[in-house]
Amino acid sequence: VAIRLYQIYPALLELVPNRQIIDAVIVRGLYERGFLQLKLHLFGFPLYHFIVAGIYKLIGVEEIVGRLLSVFFSLGSAIGFYRLMLLFGSKRQAWLGLVYFYLLSPVHIVISRSFLVDELTLFTGVVSLYLLAKNSIQPKRRWLWLGTVMMVVTLLSKFTFGYLMLPGIW
């Protein structure tokens with residue numbers, strides 16, 4: 001967590017500036033014009049943007065809100081990734097996979113603290129894969145339904161994350 005919170009205040013221009021600015025503009029528009037501006041954007045349904053704009057309504061406009069929300073979803077997806085790894089391996093393998101391929105990945109560290117929808121989408125995608133994998137091991141309707149709902153949210157949040165559906169469908 002500390003590595004993701006270290007100097008979390010840089011301007012929106014530090015990494016993939018166009019995407020961060022687009023997300024910030026969508027949030028600002030929802031905040032200023034209201035939540036009835038329900039539009040399907042080029043990147044997907046603006047669920048992340050609605051959440052950030054809702055928090056803006058409660059505490060005021062603070063760029064840090066979008067960044068902290070991304071960190072929160074990053075930690076949630078890390079838990080989901082660990083649980084997914086536990087289904088198919090030992091605790092040691094799950095821990096090593098989590099640390100080396102997820103938590104310490106330089107690209108993931110930078111993206112997970114950015115004002116981007118990607119962490120919400122990754123969170124819902126990883127959790128849906130976990131739930132669908134759990135359903136294949138211990139069939140229960142609730143795992144299937146929750147996994148399917150999370151997969152739909154993943155696809156709606158960002159269309160380009162549709163490739164995450166392939167393992168779940170398989």
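Quick caveat, the model's predicted, so the values are computed rather than measured.
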Check: F123 versus M150: any side-chain heavy-atom pair under 4.5 Å?
Finding: yes
Item checked: For T121 against S157, the heavy-atom pair lying closest together -> OG1-CB, 3.4 Å
Checklist line | Note, L122 side chain near F73 side chain (heavy atom, < 4.5 Å) | finding: no
Item checked: Joint cluster assignment, V126 & W95, ILVMFWY side-chain distance < 4.5 Å -> yes
Check: How close do A78 and L103 get, heavy atom to heavy atom, and via which atoms?
Finding: CB-CD2, 3.9 Å
Margin query: If you define the side chain from C-beta out and look only at heavy atoms, does anything of L120 sit under 4.5 Å from T124?
Written below: yes
Notebook entry, point to check: Q93 and M85: which non-hydrogen atoms are nearest, and at how many Å?
Noted result: O-CE, 3.8 Å
Notebook entry, point to check: Is a side-chain N or O of S105 found less than 3.5 angstrom from the main chain of Y102, in a donor-acceptor match?
Noted result: no
Item checked: Residue pair S70 / Y48, side-chain donor-acceptor N/O under 3.5 Å -> yes
Check: What's the verdict on side chain to side chain contact (heavy atoms under 4.5 Å, CB included) for W143 and L132, showing C-alpha distance, side-chain angles and the deciding distance?
Finding: CA-CA 6 Å; W143 304 135; L132 293 173; over 6 Å; no
Notebook entry, point to check: Crowded around F101 CZ? As in, over 12 foreign heavy atoms under 6.0 Å?
Noted result: no
Notebook entry, point to check: What distance do E119 atom CD and S74 atom OG have between them, rounded to the nearest 0.5 Å?
Noted result: 4.5 Å
Next item on the list: Work out which heavy atom in T154 is nearest to a heavy atom in G125; give both atom names and the distance.
Entry: OG1-N, 3.0 Å
Next item on the list: Measure the shortest side-chain to side-chain distance between L69 and I51 over non-hydrogen atoms and say whether it is less than 4.5 angstrom.
Entry: yes
Margin query: Under the side-chain contact (heavy atoms from CB on, under 4.5 Å) test against Y82, which residue among L86, L84, I79 passes?
Written below: L86
Note to self: For F72, I'd like to know if atom CZ has over 12 heavy atoms of other residues, nucleotides or ligands within 6.0 Å.
What the structure shows: no
Check: How about K134 and L87: do any of their side-chain heavy atoms sit closer than 4.5 Å?
Finding: yes
Check: Can you name the nearest heavy-atom pair linking L129 to M151, along with the distance?
Finding: CD2-CE, 4.0 Å
Check: Measuring from L68:CG to E62:CD, what's the distance to the nearest 0.5 Å?
Finding: 10.0 Å
